[in-house]
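In what follows, a structure is listed as structure tokens, so that the remarks can point back to it.
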Amino acid sequence: MTADLSTEQARERIRAAYDPTLLKQAGYVLVEALADHLAGVQQGQGPVLPWQAPEDLVCEAAEVRDQIPPAGTDRAALVDRFRQLLATMLEKGLNLHHPHYIGHQVPAPVPIAGWFDAVGSVTNQCMAIYDMGPWATAVEQSMVRRLGEQIGWRVGEFAGLVTHGGSLANFTALLTARNIASPDGWEQGVTADGRMPVLVVHSDAHYCVARSAGMLGLGTRNVLRVGLDSQRRMDPNRLDELLSDLRKRNRPIVATVACACATPIGAFDPLEAIADICRRHDVWLHVDAAHGGCACLSARHRHLIAGIERADSLVWDAHKMLFVPALCALVLYRNAAHRFEAFRQDAPYLFDPSAPGMAEYDSGMRTVECTKRAAAFGLWGVWSMFGPQLLADMVDVTFDMGRLLYEKLLAAPDFEPLHEPECNIVVFRHVPSGWQNMAPERLGRFQLELRRRLIQSGDFYIVSTNLEGIGALRVTIINPLTTPRDLDQLLDALRAQAARMLSDSTS
Ligand SMILES: Cc1ncc(COP(=O)(O)O)c(C=O)c1O
């Protein structure tokens, strides 16, 4: 009897949570609130980052969490609770659509992309095998094909997949390269024949590349870094020397990892020259184009990645310069024959041997993930609504803004650009008057403190970095709504913040 009653109460609570009318009413609240929020943020209203100390925020989130409405709360009260939670979420987050957000390589996404993702989330269209998410699979493969064509390949000859971020994408491609370089490596381990393979990488390669070497069992000590030229691009001559030496010593080489572009200052490697060298030494060429793959959409910037179509594998993050919400990263293989090389598995409960043709469409055969979020809905939705021209426009506008910022920095006596940008990543320092001869270490520390104070003020969101060991300011103009006026305001905001710091330190 008691059991029946508690079962009935449980059923009642479950019904309330799955109530489609609740979903509809909360949905109206959501649409209104998000659209109003973005309208304000996009016009620069409110802080970019509503800074709060992390532990305070954790306590606040826990406090809000615990105000759970009692069981049996009516629908209207649940909608109110939803409204309140939503308002808190919007109030507390980083506002990437604010024109003063020019921080990490994470964009202000095309907002409507989120609606496509929401459909995938609400209906939980996940992937592993084709029939778990047929439309998710179709959408993903349609984008893989379209973007591979944009790289310069022919449908049917190349293959690819979408995974959760550039780090996992690089790992997956490098695992494929490792398995090809050491065909017994998956079963026997990579040193089965006593020779440890090496990974040859751009000196400024993203940290996930060395991390991949650790995860692949190669060891980070077997990551060999190729020297850079004066523009921080991989030096093809030094690559040639290194590969010649390795071949002479009979060391197995997993791959050369080139960058398009490298994270620190957005330098694009000379891919044609690098591809020639890799071909001559018979070495797999992997191009980390997480950020710069987008250049192939722009007639004006395509030259930056000339030769990319010669890569054996490449990584391209749609959640960077294709302006869709995180995470959506592509791994592409020039030769479709390599599409199943990364993983081996024995999972009869999942993969159906009676339909081997289906493996082509079972994402779990090619990715680290078994269950995988349908990550390409946003990209497919934006592409289908606006076409590739919108993406090309956003690449051009943001790359142009990088150039413009550089020109403004050059013209300002109290700023020092540290390189000539090739894209929308710009690294520089503020050198207040009287600081021209300051010790570099102190000037560097000053940049880091300046950045921290600036972001905590809520006025701008930028990042800091180290160049040659000395602190610097770094921006990625990855919000296509940022205008030249915002860049002037950035320089003024940095000056004002620096003046306050200096007066604080003397008072
Ligand atoms: C060149 C490059 N590769 C890989 C990554 C890692 O991508 P994710 O943050 O999606 O893992 C980044 C991140 O900024 C990057 O700049």
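All ligand and atom numbering here is 1-based and tracks the order in the structure.
Between the CZ atom of R145 and the CZ atom of R154 there is a distance of 15.5 Å, given to the nearest 0.5 Å. Here OG1 of T172 is found 7.0 Å from CD of E369. Values are rounded to the nearest 0.5 Å.
Looking at R251, its side chain does come within 3.5 Å of a backbone N or O of M196 through a donor-acceptor pair.
In this structure, Y461 and H104 have tilted ring planes: the angle between them lies in the 30° to 60° band. Ring geometry for F158 versus W153: interplanar angle of 30 to 60°, hence tilted.
R366 and E360 are joined by a salt bridge, as a carboxylate oxygen and a charged side-chain nitrogen come within less than 4.0 angstrom of each other.
Every protein residue with a heavy atom nearer than 4.0 Å to ligand 1 is included here: Q105, G165, G166, S167, N170, H206, C208, C261, T263, D288, A290, D317, H319, K320.
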